[in-house]
Amino acid sequence: MSIIIFLLGSVVGSFLNSCIYRLPRGVSIVHPPSFCPSCKHRLHWYDLIPILSYILLRGKCRYCGVKISYSYLLVEILTAFLFLLSYYHFGLTLEFIFSCFFLSLLEFIAMVDLRTFEVMDFAVYIGIIIGVIFYFVKFDFEGFIFSIKGIIYGAGIMALIFYVSNGKMGEGDIGIAALIGAWLGDINTIVAIFLAFLIGGTIGAFLIILKLKKLGDKLPFGPFLAIGGGITFLKGNFLIELYWRFLG
Ligand SMILES: [Zn+2]
């Protein structure tokens with residue numbers, strides 16, 4: 001079952017790659033069929049096998065030899081692992097499907113933000129609506145309130161940071177925090193945002209030490225929110241416990 005879930009995740013990852021490339025450019029995800037971004041040659045099924053094609057072609061286009069970004073491979077592998085984690089956490093349940101959806105959506109938003117510094121609003125809205133519906137179906141009115149409270153906490157905290165930082169933080173991050181809130185509820189949303197700053201600050205410091213970035217360089221915060229949100233979604237209660245234990 002793990003192998004099937006992994007393969008399914010890699011196929012969804014391949015689809016995400018197409019979305020990450022096409023949607024910010026305003027290209028439809030169904031038409032035209034897959035093509036090489038460089039030579040525009042149409043890709044055949046054997047060029048599109050997730051993970052395998054990239055490795056067999058050594059990361060180059062079969063037709064023009066242009067190097068294909070390793071991020072294509074990364075997204076396929078990452079999505080496969082996100083599906084596996086969801087499966088190990090929820091088993092074959094309805095929650096599993098929703099978890100795969102939420103984590104894939106976060107991955108899509110993070111990758112687009114990383115490449116373009118843009119947050120895809122429509123993806124945020126769809127994610128918020130489905131998150132609220134999920135909790136309403138699962139826990140009735142109580143679930144609905146849980147989700148709405150998360151949205152208010154997430155959007156509220158990031159909006160506050162946005163104004164305090166004089167707009168140095170992106171406005172799009174408010175939307176991502178609201179999305180995370182819809183899926184995590186009030187307390188875990190705070191944990192996720194805290195984690196995002198912790199991971200973002202650490203990675204940012206390393207990038208400066210390694211001279212890959214300069215102080216004051218732009219670094220999108222969306223991907224860190226996505227990472228914080230994803231980890232907390234699966235392991236939120238464990239993180240809170242760990243934190244209290246750490247404080248003694
Ligand atoms: Zn090509």
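Counting starts at 1 for both ligands and their atoms, following the listed order.
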The Zn ion (ligand 1) contact by His41, N, O or S atom under 2.8 Å: no
Test item: Glu95 and His89 side chains (from C-beta on) under 4.5 Å apart, heavy atoms: no
With the Zn ion (ligand 1) at the centre, find the angle made by SG from Cys61 and SG from Cys64, to 10°. 110°
Using the side-chain contact (heavy atoms from CB on, under 4.5 Å) rule, pick out the option among Ile128, Thr189, Thr232, Ile130 that qualifies with Trp183. Ile130
Rounded to the nearest 10°, what angle sits at the Zn ion (ligand 1) between SG of Cys36 and SG of Cys39? 100°
Check for me whether the distance between the ring centres of Tyr54 and Tyr70 falls short of 6.0 Å. no
Checking Tyr87 against Ser99: is there a side-chain donor and acceptor pair closer than 3.5 Å? no
